[in-house]
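First up is the structure itself, then whatever we jot down about it.
Chain identifiers are assigned alphabetically (A, B, ...) following the order of the sequence lines, protein sequences preceding nucleic acid strands; residue numbering begins at 1 within each chain. Model, not experiment: these values are computed from the prediction.
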Number of protein chains: 2
Amino acid sequence: MSNQSGSLAGALAACCSPLAEEPLGPARAVELARAFKALGDPARLRLLSLIASHPGGEACVCDVSDGFDLAGPTISHHLKVLREAGLISGERRGTWVYYRADPGALGRLSDLLAIAGSGAAQPPEAASA
Amino acid sequence: MSNQSGSLAGALAACCSPLAEEPLGPARAVELARAFKALGDPARLRLLSLIASHPGGEACVCDVSDGFDLAGPTISHHLKVLREAGLISGERRGTWVYYRADPGALGRLSDLLAIAGSGAAQPPEAASA
DNA sequence: TCGCTGTATCGACGAACGTCAAAGCAAGAG
DNA sequence: CTCTTGCTTTGACGTTCGTCGATACAGCGA
């Protein structure tokens, strides 16, 4: 399990001019879409939030499972999706498995949207709308 | 068509403490997930980027369709998904329909991830673990 | 008016997704 | 070693999604 079992190891690492700066090539779009798709489920969004907001910055599955109406395997599945998207990493310590959010990956996704939201290609409606 | 035909009109408007600050309630998770899901497709990501990066901040469907291997109806479908997610808005001017990215919606999604990526719940891995 | 071009909706198909129960593996307790 | 607990994997089911062709609508020009 270690870090990421998936494919995007470096996908979010070598990131990307902001959305509005240049058209975003097909290949990069595929990798970024995989990350956003991982965020595109309420359960995963809550899991990620729960992990990121947990004291110490990490949470074990047992901490996180309470408050969900989902079966154990489903939780595990969602955590795997987040892991393979490079958004969290998991580590087994004794009996329990601890997950932790990846600040870098989240930050890069944030940057991708941020600049688009504030700066580039300045919509002429500057102050309006 | 006007602005958003969909459901999230205000969903992204009244946004949200950052991901790592507090656990993100179920209801809000559903609405945010809808936005991220809209970003979770390579074609839509490229479309959004193409629109956002287009000179003037807006692009008509014809501008955007070139360079895609997708049929017309499919492009139209993806634009509709982005529109219903509140990420773009469309306006018909004569024969053509022009789309424009919504900086506010993108910015709020960005903020949601940004703080999580930099600040809160500071992972103590610095010294501990 | 008719026809043409640009865009959207409809209906259908295959693929991917979210979910669960059952079974499997890892680690500690007895 | 065996049992129990925590988590993951497997296999299956129904639903949603991405894609397309056919069709319909909107606006312009002849």
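Side-chain proximity of Arg83(A) to dA8(C), dC7(D), dT8(D): nearest is dT8(D). Closest to the side chain of Thr74(A), from the set dT9(D), dC17(C), dT19(C), is dT19(C). Closest to the side chain of Arg92(A), out of dA26(C), dT19(C), dT19(D), is dA26(C). Distances from the side chain of Cys60(A) to the nucleotides dA8(C), dT7(C), dC7(D) place dC7(D) closest.
Taking atom CD1 on Ile88(B) and atom C1' on dT7(C), their separation rounds to 13 Å, with Å as the unit. Following rounding to the nearest Å, Arg93(A) (CZ) and dT5(D) (C1') show an atom-to-atom distance of 18 Å. In this structure, Leu79(B) atom CG and dT9(C) atom P are separated by 11 Å, rounded to whole Å. To the nearest angstrom, P of dC17(C) lies 17 Å from CG of Leu70(A). Atom P of nucleotide dG18(D) and atom NZ of Lys37(B) are separated by 9 Å, given to the nearest angstrom. Rounded to an integer number of Å, the gap from His78(A) NE2 to dC7(D) C1' is 15 Å. Following rounding to the nearest Å, Phe68(A) (CZ) and dG18(C) (P) show an atom-to-atom distance of 14 Å. Summarising the geometry, the separation between CG on Leu82(B) and P on dA8(C) is reported as 12 Å, rounded to the nearest angstrom.
Arg46(B) contributes a side-chain N or O that, together with a main-chain N or O of Gly67(B), makes up a donor-acceptor pair within less than 3.5 Å.
Residues Leu50(A) and Pro23(B) meet the side-chain proximity criterion, which asks for heavy atoms closer than 4.5 Å. Within the 4.5 Å cutoff, side-chain heavy atoms of Asp41(B) are placed close to those of His78(B). No side-chain heavy atom of Tyr98(A) sits less than 4.5 Å from a side-chain heavy atom of Ile51(A).
For Tyr99(A), a side-chain nitrogen or oxygen approaches OP1 or OP2 of dT8(D) to under 4.0 Å.
Note on Ile75(A): nothing from the nucleic acid sits closer than 4.0 angstrom, heavy atoms only. Nucleic acid contact for Asp63(A): none, since no nucleic acid atom lies under 4.0 Å from a heavy atom of the residue.
Nearest-nucleotide positions on DNA chain C for Val81(A) and Thr95(A) put Val81(A) closer to the 5' end. For His77(A) and Gly94(A), each mapped to the nucleotide of DNA chain C holding its nearest heavy atom, the one lying further toward the 5' end belongs to His77(A).
Between Ile75(B) and Val61(B), the closest heavy-atom pair is CG2-CG1, 4.3 Å.
Residue pairs meeting the disulfide (SG to SG under 2.5 Å) criterion with at least one partner in residues 21-105 of chain A, sequence neighbours excluded, are Cys60(A)-Cys62(A).
For the segment residues 39-49 of chain A, the set of residues with a heavy atom within less than 4.0 Å of an atom of DNA chain C comprises Asp41(A), Arg44(A), in numerical order.
Atom CG of Asp69(B) is surrounded by 12 or fewer heavy atoms from other residues, nucleotides or ligands within 6.0 Å.
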